[in-house]
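This is a predicted model, so every value here is computed, not measured. When a residue number appears, it is its place in the shown sequence, counting from 1.
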Amino acid sequence: MKSKRKIIYGLLPILFAGGIGMYLYMQNNKTEEVKPEATVDQYIEHLQKKEFDQLYTLMTPASLGESGMNLEQFVEKYNAIYSGMEVSAVKAEVKPQVTESTTDGSGNPAQTQNPDTFETDYNLQLTTFLGDVNETHTLKLVREELEDGGKIWRINWKPSLILADMVKGSKVRVRTLFPERGDIVDREGLPLATKGNIYEWGIVPEKLGDNPEAMISQIAKHYKVTEDGINNALAQKWVKPEYFVPIASTEDSRVPAGLAGVQVQSKEIRYYPLGEAAAHLIGYVRKATKEDLEKDTEGYYRAEDWIGKAGLEQSLEKQLRGERGGLIEITDESGNTRSELIRKDAVDGQNIQLTISSAKQRKLYKTLSSSGDAGAMVLMNPTDGNLLALVSAPAYNPNKMVTGLTQAEWDAYSADEKLPFINRFTNRYAPGSTFKAITAAAGLMEKVTTADKSHEISGLQWRKDESWGGYYVKRVKNVSPVNMVDALVYSDNIYFAKEAVEMGSAKFIDGIQKFGFGDNFGLDELYLKPSQYANEAHLDLASEVLLADTSYGQGEMLMSPIHLASSFTPFINEGKMVKPVLIQDKETAEPEVVITPEVANTVKDALGQVVTRSGGTAHSLNSIPEGLAAKTGTAELKAKKGEKGQENGFVVVFDTDSPSFLIAAVIEGVNGRGGSHYVLDKLKPFLEK
């Protein structure tokens, strides 16, 4: 018995020590309970990374059940809202906790917070396509028991965790606020590009009747479109049987009784009151294409946006289009606005006022385009540089470019050998004999030429010596002797070739460069290229043959009609060259003195005699009562020496008594039609009026 007790008493310390050890072991290996702050940190991290599937795992099952969303729906909701708002960055930051007092106001112990709940605030910043949205949110956490007896902190989810003002059933609506495109107006404020209305016909598929194919065939025949075109429009993904599907524009608002399913609607569109008369100047807008979107480095444009595609509509696109705005708002289940989250108002485009006169633009285009001629005319005020009309023919209908060309209309433009989409008032031409006025001014300034300096010239051709080989300068009138005034009146190539050779290339280049070569006069909006007196490889005019050719506006010389007009302004303004101006109130360069008043008046007087003298090349204008001065020219374009090439006829004319206008005109292909005299005959009725 004693031995048993000894054994028991001996085991007691061992058992006691083992119990203590097991207790300590269990205490040391007990899983430490996760604190609510850890769940908050996970929430913040996943939210900033837009890991919405991970957010879902942090929410209480009860709150998710109340929302009615499974994991896929939860993620889809967040993604839809964030993508709609174009959220590019998420920044979330927990606000510092404020330590509450442990006593109430009377010094008694304060009521303690429920140990199974936890609340904390955080600041949320969403960077959207409209700017930053800043909100303060509250996270409410509860401590929940796991199946293994452990505990975990989860978040009670509610819609306001996405955006503060959201409740169950709320949606986020994103709207684009579109700017009004600015108008282009003339000097009197009359519209050149503005808002207008057209009729657009289309089809409601469900109203086509019992035999849709037969009806589509009838509709296509009436509106002169293809059946494939109609069927392709009706096959678009967005089309539903009850929807109106626009097909094309029409000038007739009435629908023939037999055409079932056709409707006509009025539609606001960009409109060009002068039509073809100002097509190359104003241009047109079209819906943005895939290529436009690919070239859009600033990411502004979207499919279906209108964008300038030619003329001023293209070059002034940024000023005219304005800046798009937007609105992000929260709505209820019925689509009614609960609140505006962020709004950026659209900025309307600028109105652009030109120096152009609509009346003169229309009349000058009619003058040029009659008889189907190809060419350009520039009308400017030579004293202030204001461009009053810029016309190019043939032209296209810009309104049709907006509403859409039929295949037949497109084919007609494409087949036109005169290339109606070419802007000829910015095109560069060899100016022919009109340039002799500038050569005369250069010679006078260099003291090589004088008004009464004569050359004895025999016959209709001349070369300096045998070093010129088989090259001869030719003229059309056998007159001798010839002085500078005679040479301008009769347009004598040989006289000016002799003067240029005598000047030498250095003095000649110095004399003519002052007249605006290499300058586009700030007319970037017209994409105007600077004129050249020679190709890059021959800028020194080392060849005397090229020097001679250049003296009367051929060789490698290229000038735009706009530059040609401006280059004559020194003869009107006592030697000051006035640069052309197209946009009202745009800062422009001051007139530059390029020749002396004496030289200017000498050339102007000679140009007056081109009109008044019976043998003058512009004598047909002498019947017009106003005092006019002019210079004509014909430039021949040859592929090879000895061949007959296309002839372009030129006229520059201005009034001298009280200078108010200057016209530079070119008509292509005047071969066999009188050369520059053909251009004079076309201009005369316009000048008489």
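In summary, of the residues considered (Arg338, Lys171, Arg173), a salt bridge (charged side-chain N to carboxylate O under 4.0 Å, His left out) with Glu329 occurs for Arg173 alone. Of the residues listed (Trp306, Tyr272, Tyr396), the one engaging Tyr284 in a ring pair (Phe, Tyr, Trp, His ring centres under 6.0 Å) is Tyr396, and it is the only one.
When atom types are taken as modelled, the side chain of Ser63 and the backbone of Trp157 share a donor-acceptor pair closer than 3.5 angstrom. Under the 3.5 Å distance criterion, the side-chain polar atoms of Asn232 are matched with a main-chain donor or acceptor of Asp228. At distances below 3.5 Å, not a single donor-acceptor pair connects side-chain atoms of Asn399 with backbone N or O atoms of Tyr271. A donor-acceptor contact shorter than 3.5 Å links the side chain of Gln353 to the backbone of Arg187. At distances below 3.5 Å, not a single donor-acceptor pair connects side-chain atoms of Glu93 with backbone N or O atoms of Leu124. Not one N or O on the side chain of Lys140 forms a donor-acceptor pair closer than 3.5 Å with the backbone of Thr120. Within the 3.5 Å criterion, the main-chain N or O of Trp153 finds a donor-acceptor partner in the side chain of Thr39. A donor-acceptor pair is defined here as one N or O able to donate and one able to accept, closer than 3.5 Å; such a pair exists between the side chain of Glu317 and the backbone of Gly308.
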Checklist entry - How far apart are the C-alpha atoms of Glu590 and Lys579, what are their side-chain angles, what is the distance that settles it, and do they pass the salt bridge (Lys or Arg N to Asp or Glu O under 4.0 Å) test? => result CA-CA 8 Å; Glu590 289 294 317; Lys579 298 188 176 183; over 6 Å; no
Checklist entry - Would Asn134 and Asp132 satisfy side-chain hydrogen bond (donor to acceptor under 3.5 Å, both in side chains), going step by step from the backbone distance to the final call? => result CA-CA 6 Å; Asn134 293 288; Asp132 290 340; 5.2 Å; no
Next on the checklist: Assess the residue pair Glu323 and Arg321 against the criterion (salt bridge (Lys or Arg N to Asp or Glu O under 4.0 Å)); give the C-alpha distance rounded to whole Å, side-chain angles, the decisive distance to 0.1 Å, and a yes or no.
Outcome noted: CA-CA 7 Å; Glu323 287 296 325; Arg321 80 180 185 198; 3.3 Å; yes
Next on the checklist: Test ring-ring contact (aromatic ring centres under 6.0 Å, His included) on Phe521 and His563; report intermediate values, then the result.
Outcome noted: CA-CA 9 Å; Phe521 313 113; His563 179 200; 5.4 Å; yes
Next on the checklist: Gln263 vs Trp201, test: side-chain contact (heavy atoms from CB on, under 4.5 Å). Steps then yes/no.
Outcome noted: CA-CA 6 Å; Gln263 289 184 7; Trp201 71 270; over 6 Å; no
Next on the checklist: Before you tell me yes or no, could you show the steps for Lys295 and Glu291 under salt bridge (Lys or Arg N to Asp or Glu O under 4.0 Å), namely the whole-Å CA-CA distance, both residues' side-chain angles and the distance that decides it to 0.1 Å?
Outcome noted: CA-CA 6 Å; Lys295 293 177 184 176; Glu291 290 73 20; over 6 Å; no
Checklist entry - Can you check salt bridge (Lys or Arg N to Asp or Glu O under 4.0 Å) on Lys400 and Glu409, steps first, answer last? => result CA-CA 9 Å; Lys400 285 284 188 180; Glu409 289 167 334; 3.2 Å; yes
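Using a 4.0 Å cut-off between charged side-chain N and carboxylate O, Lys309 and Glu313 make no salt bridge. Ion pairing of Asp348 with Arg181 is absent here, as no side-chain N (NZ or NE/NH1/NH2) approaches a carboxylate O to less than 4.0 Å. A salt bridge links Glu200 with Lys267: the distance from a Lys NZ or Arg NE/NH1/NH2 to an Asp or Glu carboxylate oxygen falls below 4.0 Å. Here Asp292 does not pair with Lys290 in a salt bridge; the nearest charged N to carboxylate O distance is not below 4.0 Å.
When all heavy atoms of Gly283 and Pro398 are compared, the pair lying nearest together is O-CB, 3.7 Å. In plain terms, the two heavy atoms of Ala92 and Tyr122 that are nearest each other are CB-CD1, 4.2 Å. Taking all atoms of both residues into account, the shortest heavy-atom contact from Tyr223 to Thr250 is CE2-OG1, 4.2 Å.
Side-chain contact, Gln48 with His46: no donor N or O sits under 3.5 Å from an acceptor N or O. Judged by distance alone, the side chains of Asp121 and Thr136 never bring a donor and an acceptor atom under 3.5 Å apart. A donor-acceptor contact closer than 3.5 angstrom is absent between the side chains of Asn427 and Asn423. No side-chain N or O of Ser414 forms a donor-acceptor pair with one of Asp411 less than 3.5 Å apart.
Residues Val185 and Leu190 have side chains not in contact (no heavy-atom distance under 4.5 Å, counting atoms from C-beta outward).
Within a 6.0 Å sphere centred on CD of Gln236, heavy atoms belonging to other residues, nucleotides or ligands number more than 12. For Lys50, the NZ atom is densely surrounded, since the number of other residues' heavy atoms within 6.0 Å is greater than 12.
In terms of the side-chain contact (heavy atoms from CB on, under 4.5 Å) criterion, residue partners of Phe178 (sequence neighbours excluded) are, by chain and number, Thr176, Asp305, Arg324. Shown here are the side-chain contact (heavy atoms from CB on, under 4.5 Å) partners of Glu268, two or more places apart in sequence or in another chain: Lys195, Asn197.
For the atom pair CD of Gln350 and CG of Leu316, the computed distance is 9.0 Å after rounding to the nearest 0.5 Å. One finds the CG atom of Leu141 at 9.0 Å from the CD atom of Glu119 (value rounded to the nearest 0.5 Å).
In this structure, Tyr78 has its ring center closer than 6.0 angstrom to the ring center of Phe74.
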